[in-house]
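Each chain gets a letter, A, B and so on, in the order the sequences are listed, and its residues count up from 1.
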There are 2 protein chains.
Amino acid sequence: MNNKPTIHDIAKALNINSSTVSRALNDSPRVTLKTKEKILKKAEELGYKRNVLASSLRKNVTNTLGVIVPRISRHFFSSAIQGIEETAYLAGYNVIICQSLEQLEREQSIVNGLVEKRVDGVLISISMETLNYQHLEIVKNSNIPLVFFDRHCNEAGNSNVLIDDFKGGFDATEHLILQGNKNIVHFSGPNELEIYKNRLAGYKAALKKHNIAFNPENVIVTRLMEDDGFKSMQTILNLKQKIDAVFSANDMAAIGAIKCIKQSNLKIPDDIAIVGFSNEPISTVIEPSLTTIDQSGLEIGKTAAALILSYIENKQIPEKGENIVLKANLIERNSSKRN
Amino acid sequence: MNNKPTIHDIAKALNINSSTVSRALNDSPRVTLKTKEKILKKAEELGYKRNVLASSLRKNVTNTLGVIVPRISRHFFSSAIQGIEETAYLAGYNVIICQSLEQLEREQSIVNGLVEKRVDGVLISISMETLNYQHLEIVKNSNIPLVFFDRHCNEAGNSNVLIDDFKGGFDATEHLILQGNKNIVHFSGPNELEIYKNRLAGYKAALKKHNIAFNPENVIVTRLMEDDGFKSMQTILNLKQKIDAVFSANDMAAIGAIKCIKQSNLKIPDDIAIVGFSNEPISTVIEPSLTTIDQSGLEIGKTAAALILSYIENKQIPEKGENIVLKANLIERNSSKRN
DNA sequence: CTGTTAGCGCTTTCAG
DNA sequence: CTGAAAGCGCTAACAG
């Protein structure tokens, strides 16, 4: 039991050559059905398990995808991972999951590890500390397909699967404006991340369309953790100037904000309206009337996996890269209008 | 860039032997500091990335853990995975995540794949369809350490990291009894899973302690999805006989039950009390006064990973297996008592 | 249809 | 301290 049988053991037992065994196990058409059966039976009998390591080394293919996310337990990412795993599994691929914990240094070391493991493709949602893509060069240089998802990359030559953040930001803001809100604060994230840049741009565009002057002080930049949302909301409530509404660029911060509001015994959306870019089911449970811009982690995961698998199977990475933009839909759970 | 440099390329460029290069890259003490530096520099220069595949094949060690869970996006499991990844990462291990989707067949095929990939250890939370452990024999026969977590295994010779389900079930039920509830329904899961068996046993024990007769009709067995909880609660509400309280063996079903109750305009816990075995933050958000038996996915994941890593590093799997039992604490968020 | 042979890239004896 | 050589288990030419 200890020393696992190899194809040589099977070959020896059957007095044939190991390459025939290899062919039989790979269901090559160049082996008689008879010998094939004989071999399969003997393999079963010996408790043979093929050594994928050796096979991978030889074939230069691992049937493994590397996935890097900031944090596995965030609902959006775990849904995305679920989607990735599902499509990968159907295609016969495994996924190695790694989390950067929002740290660039960890991300770098992970990327190196994945390249060393010779994964066939890398799917990444970059950390908040990732300001450039230098550490990802090694992936491309190794001819390993790379696909960004959600937290994507604006540099040319890369492929992304993303949410239409601009439109999402625009829709969220316009929705708030149409509800009669004028003074709308935007909770934004690190400006280096495209998603936050674009959501902010959408926010600005909506203001402009409705002839509302953009006030830079109405943009609060944090890391958008729940705590950040809570604190930002506290700040707002202490302002002399009245704020009508908040568009939060993510769900965690929205949750924090909602909790803060509820604690102050104010009403949503009567006293202050909120729209969150959301995938966290909590946010709508905590405030059933919450309007959200919904993004499906599962869908984005499946799409990203399908994309990278196509690159791998075709042995070709598009030089110019390509973007797949998924829609994020505004879901209105309360239609009460202001004045 | 296409053909990756190997240690031989480095060796050739430096006019030394590849074994010296190998030693240098592995920081062996049997190489001069000078040559070491020379080699490291050249490696950097050539953009050398070690081929872990080849190394693994030779050393018979992959530094990879296989993890099998029913579904990645369930909050408890994604937390557990996060914990596993964190401890694994610190020890220099990667994790391959697979989901059985509660299907035995998939679980079987996954297990085979992981053995073929020569993972150094397997962590598993079995599917609801898993009635015996035959398909896991191959793991043990391959001398690969195996640790069950949460949904564990009662067969001798296995190692488990688990929640004290009996005590959890007992505490939940006793809590409900002490609140004045007499007629308590228990939502249970497939009886083949130890966790549900034990939670049910705890429920029975608490009834017995307080001299309440056990009524088999008060145990509703489903797969404990949200939908199941909803439907079970509907059934209960339609009963002639009045039910005071429900102890749900998992969080999803509790959420369904709560939604059903709210829809009926009844109050929790005044009209009907609920305690859920829970890790899903939603359940307490949806019903802030909900009492739960809290289990930490993160902690269980970390513990399980640490355990299996110790087996791997010591190259020894305890023959008798061992159980690490973590406590699940009853968290009471509302102390209102019934008459 | 089957066998022979070489080698994927690395580590690890064994010599020196 | 360094080199030579063998081999982990498999696959893929190339012969036959």
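In this structure, a donor-acceptor pair under 3.5 Å is present between the side chains of Ser159(A) and Tyr311(A). Side-chain contact of Ser22(A) with Ser19(A): a donor-acceptor pair under 3.5 Å is absent, judged by distance alone. Donor-acceptor pairing under 3.5 Å is recorded for the side chains of Thr62(A) and Asp120(A).
Distance from the side chain of Ile7(B) is smallest to dT11(C) among dT11(C), dG3(C), dG3(D).
Counting any heavy atom pair closer than 4.0 Å across all strands shown, Thr35(B) reaches sugar-phosphate atoms only and no base atom. Across all strands, Asn60(A) comes closer than 4.0 Å to no nucleic acid atom at all (heavy-atom distances). Pro5(B) comes within 4.0 angstrom of no nucleic acid atom, judged by non-hydrogen atoms across all strands.
The side chain of Ser19(B) contributes no N or O atom lying less than 4.0 Å from OP1 or OP2 of dA5(D). In this structure, Asn51(A) does not reach the dC8(D) phosphate: none of its side-chain N or O atoms is under 4.0 Å from OP1 or OP2. Distances shorter than 4.0 Å separate none of the side-chain N or O atoms of Arg58(B) from OP1 or OP2 on dG9(D). Of the side-chain N and O atoms in Thr32(A), one or more sit less than 4.0 angstrom from OP1 or OP2 of dT2(C). Of the side-chain N and O atoms in Thr20(B), one or more sit less than 4.0 angstrom from OP1 or OP2 of dG3(D). The side chain of Asn17(B) contributes an N or O atom lying less than 4.0 Å from OP1 or OP2 of dA4(D). The side chain of Ser55(A) places an N or O atom within less than 4.0 Å of a non-bridging phosphate oxygen (OP1 or OP2) of dT11(D).
For the pair Ser79(B) (side chain) and His75(B) (backbone), a donor-acceptor distance under 3.5 Å is present.
Put simply, CD1 on Ile39(B) is 15 Å from C1' on dC10(C), counting in whole angstrom units. For the pair Asp27(B) CG and dT11(C) P, the computed distance is 13 Å after rounding to whole Å. The CG-P distance, from Asn26(A) to dC10(D), rounds to 10 Å in whole Å. At whole-Å resolution of the value, CG in Leu53(A) and C1' in dC10(D) are 11 Å apart. Look at CG on Leu33(B): it is 16 Å from C1' on dT2(D), rounded to the nearest Å. Atom pair Leu25(B):CG and dC10(C):P shows a separation of 8 Å (rounding to whole Å applied). In this entry the distance linking CD1 of Ile10(A) with P of dG3(C) reads 14 Å, nearest Å. When rounded to the nearest whole Å, the span between CG of Leu46(A) and P of dG9(D) equals 14 Å.
Side-chain N/O atoms of Ser22(B) and base N/O atoms of dT12(C) include no donor-acceptor pair closer than 3.5 Å. A donor-acceptor contact under 3.5 angstrom links the side-chain atoms of Arg23(B) to the base of dG3(D). One can find a donor-acceptor pair under 3.5 Å joining the base of dT2(C) and the side-chain atoms of Arg30(A).
Within the cation-pi definition used here (under 6.0 Å to the ring centroid, within 45° of the axis), Arg106(A) qualifies as a partner of Tyr89(B).
Between Glu86(A) and Arg71(B) no salt bridge is recorded (no basic side-chain N to carboxylate O distance below 4.0 Å).
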